[in-house]
Amino acid sequence: MGVDSLEPLRDGHGRPLTSLRVSVTDRCNFRCRYCMPAEGMDWLPREEILEFEEIERLTALLARMGITDLRLTGGEPLARRDFPRLLARLSQIAGLDDISLTTNGYLLEAQLSDLVAAGLRRVNVSLDALARHDFFELTRRDALGRVLSALRAAEAFPELHPIKVNCVAIRGFTESQIDSFVELARHRPYEVRFIEFMPLDADHSWDRESVLSGAEVRAQIEAEHPLEPLPREPHATARTYRFQDGAGTIGFVNPVSEPFCSDCNRLRLTSDGKLRTCLFSLQEIDLRARMRAGDDDVELERLIREAAWRKELKHRISEPGFRQPARTMSAIGG
């Protein structure tokens, strides 16, 4: 360990915790049906959102505790004013090996150069349809052309390769999109990843029947294009495959049908400073309140370790008695 390093974080099940997802805003310029209602979202008051200095302080402390992988999310993170400035500050934190971004792509193209210069090394673009009318149906925004333009612009930055494209797989919608996404994965420098629809929608209307499983998507793809599995890296959320003819890779994130909780290494920090130990946690630790009350890093470290130790063994989506979190995906951070 370095001079300023602390004892590495582990949970009560012995899992090392090395990955942090930080939401920088709960606001979003899309209204995706699996995440938000069309209207009526109550955004957090600005004074409740973590300041850049607070995000930097908590991230630096967690890096001293063994966090090496940082992903910045939202809401839509690029909607946060001066986001590249925050990224530049975070990229200077000792111990962080990888800084990535999840975005809907709408504001990406104009900020690409600044983001890469600030230290961005990976980007995931959420994109659930490749036909204009289908994109509008799901996002309630006529913005497909702008997102595709941003993806093409990102290709010019080798630092960001492979660019990942995340598609939420919803029964009754995604089946008609799969062939187009396969062509995208085979002919562009993108790793398309199909993510099973999870119970984090604002309307709480999710049910198991609406989940299009990774196995079903893979079967549809393999009817035309045989796939070969690639080795799974430790803690990876995606099962990745390459096309047998060598033209690209594709991934499947299956939290509902094939949970990957056994080696989960992730913590989450919401935009209002709540520490969550699982995407589906029902409990949160309010680090913002403790910081603003004057707690020093020693006390914050104690709170984080106590929360980490109680990290859930698994999310229990498919088990009787599962309770959906009150927060939506946009309020937690994707």
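Looking at Ser91, its side chain does come within 3.5 Å of a backbone N or O of Ala118 through a donor-acceptor pair. A donor-acceptor contact shorter than 3.5 Å links the side chain of Thr174 to the backbone of Val168. A donor-acceptor pair is defined here as one N or O able to donate and one able to accept, closer than 3.5 Å; no such pair exists between the side chain of Arg80 and the backbone of Phe83. Of the possible polar contacts, none joining the Arg268 side chain to the Cys278 backbone as a donor-acceptor pair under 3.5 Å is found. Proximity of a side-chain donor or acceptor of Asp295 to a complementary backbone N or O of Glu299 within less than 3.5 Å is not detected. The closest donor-acceptor contact from the side chain of Arg232 to the backbone of Ala236 lies under 3.5 Å. Of the possible donor and acceptor atoms, one in the side chain of Asp207 sits under 3.5 Å from a partner among the backbone N and O of Ser210. Listed for the Thr59 side chain is a donor-acceptor partner under 3.5 Å among the backbone atoms of Ile55.
Checking Glu284 against Thr270 by side-chain atom types alone, no donor-acceptor pair falls below 3.5 Å. The closest side-chain donor-acceptor pair between Thr102 and Arg71 falls under 3.5 angstrom. Under the 3.5 Å distance criterion, with hydrogens and angles disregarded, no donor-acceptor pair is assigned to the side chains of Gln177 and Asp128. Checking Asn265 against Ser19 by side-chain atom types alone, no donor-acceptor pair falls below 3.5 Å.
At a threshold of 4.0 Å, the pair Glu76-Arg27 does not count as salt-bridged, since none of the basic side-chain nitrogens sits closer than that to a carboxylate oxygen. Comment: Asp114 does not engage Arg85 in a salt bridge, judged by the lack of any side-chain N to carboxylate O separation of less than 4.0 angstrom. A salt bridge between Arg188 and Glu155 is present, with a side-chain N of the basic residue lying under 4.0 Å from a carboxylate O of the acidic one. Between Glu53 and Arg89, at least one side-chain nitrogen of the basic residue sits less than 4.0 Å from a carboxylate oxygen of the acidic one, meeting the salt-bridge criterion. Ion pairing between a basic and an acidic side chain is recognised when a charged N comes within 4.0 Å of a carboxylate O; Arg242 and Glu228 show such pairing. One finds no salt bridge joining Asp134 and Arg132 here, because no Lys/Arg side-chain nitrogen approaches an Asp/Glu carboxylate oxygen to under 4.0 Å. Taking a cutoff of 4.0 Å between a charged side-chain nitrogen and a carboxylate oxygen, Arg305 and Glu7 do not qualify as a salt bridge.
At least one side-chain heavy atom of Leu112 sits less than 4.5 Å from a side-chain heavy atom of Leu160. Using a 4.5 Å heavy-atom threshold, the side chains of Pro229 and Arg239 count as separate. Annotation: side chain of Val125 is not in contact with side chain of Asn166 (no heavy-atom distance under 4.5 Å). Two residues are said to be in side-chain contact when any heavy atoms from C-beta on lie closer than 4.5 Å; Arg310 and Thr277 fail this criterion. Leu212 has its side chain within reach of Glu175: a pair of non-hydrogen atoms, C-beta onward, lies under 4.5 Å apart. Residues Leu127 and Phe181 form a side-chain contact, since some pair of their non-hydrogen atoms from C-beta on lies under 4.5 Å apart. Side-chain atoms of Val22 and Thr73, non-hydrogen and from C-beta on, never get closer than 4.5 Å to each other. With a 4.5 Å cut-off on side-chain heavy atoms, Ser213 and Val256 do not count as touching.
Other cluster members for Leu44: Ile49, joined by side-chain heavy-atom distances under 4.5 Å among Ile, Leu, Val, Met, Phe, Trp and Tyr.
If you take CG on Leu50 and CD on Glu56, they are separated by 12.5 Å, rounding to the nearest 0.5 Å. Taking OG1 of Thr18 as the reference point, atom CD1 of Ile67 lies at 6.0 Å (rounded to 0.5 Å). For the atom pair Asp286 CG and Met291 CE, the distance stands at 9.0 Å (nearest 0.5 Å). Of the inter-residue distances, the one linking Leu138 atom CG with Ile170 atom CD1 reads 5.0 Å to the nearest 0.5 angstrom. The line from CD of Glu183 to CD of Glu224 is 9.5 Å long, rounded to the nearest 0.5 Å. Interatomic distance, CG of Leu17 versus NE2 of His235, reported as 9.0 Å (0.5 Å rounding).
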Check against side-chain contact (heavy atoms from CB on, under 4.5 Å), Ile304 and Met65: CA-CA 10 Å; Ile304 291 168; Met65 300 168 74; 3.8 Å; yes

Intermediate values then yes/no, side-chain contact (heavy atoms from CB on, under 4.5 Å), Glu196 and Val253: CA-CA 6 Å; Glu196 290 178 346; Val253 181; over 6 Å; no

Criterion side-chain contact (heavy atoms from CB on, under 4.5 Å) on Asp26 and Trp43, from CA distance to verdict: CA-CA 7 Å; Asp26 65 323; Trp43 306 122; 3.7 Å; yes

Leu115/Leu87 under side-chain contact (heavy atoms from CB on, under 4.5 Å): CA gap, chis, key distance, verdict: CA-CA 7 Å; Leu115 293 170; Leu87 177 60; 3.9 Å; yes

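For the pair Arg276 and Ser281, the tightest heavy-atom approach, listed with the atom from each and the gap, is NH2-O, 2.7 Å. Between Ile250 and Ala185 the shortest heavy-atom distance is CD1-CB, 4.4 Å. Among all heavy-atom pairs drawn from Val217 and Ala169, the shortest one is CG2-CB, 4.4 Å. Shortest non-hydrogen contact noted between Arg15 and Cys261 is NH1-O, 2.6 Å.
With Phe243 as the aromatic partner, Arg186 meets the cation-pi criteria of under 6.0 angstrom to the ring centre and within 45 degrees of the ring axis. Arg146 forms a cation-pi arrangement with Tyr106, by the criterion of a distance under 6.0 Å to the ring centre and an angle within 45° of the ring axis.
Ring orientation note: the planes of Phe30 and Phe135 are nearly perpendicular, at an angle over 60° on the 30°/60° scale.
Results of the salt bridge (Lys or Arg N to Asp or Glu O under 4.0 Å) test with Asp69 over Arg122, Arg21, Arg266 single out Arg122 as the only residue that passes.
Residue-environment remark: CD (Gln244) exceeds the threshold of 12 foreign heavy atoms within 6.0 Å. The neighbour count for Glu306 CD, taken as heavy atoms of other residues, nucleotides or ligands under 6.0 Å away, is above 12. Other residues, nucleotides and ligands place more than 12 heavy atoms under 6.0 Å from the CD atom of Glu47.
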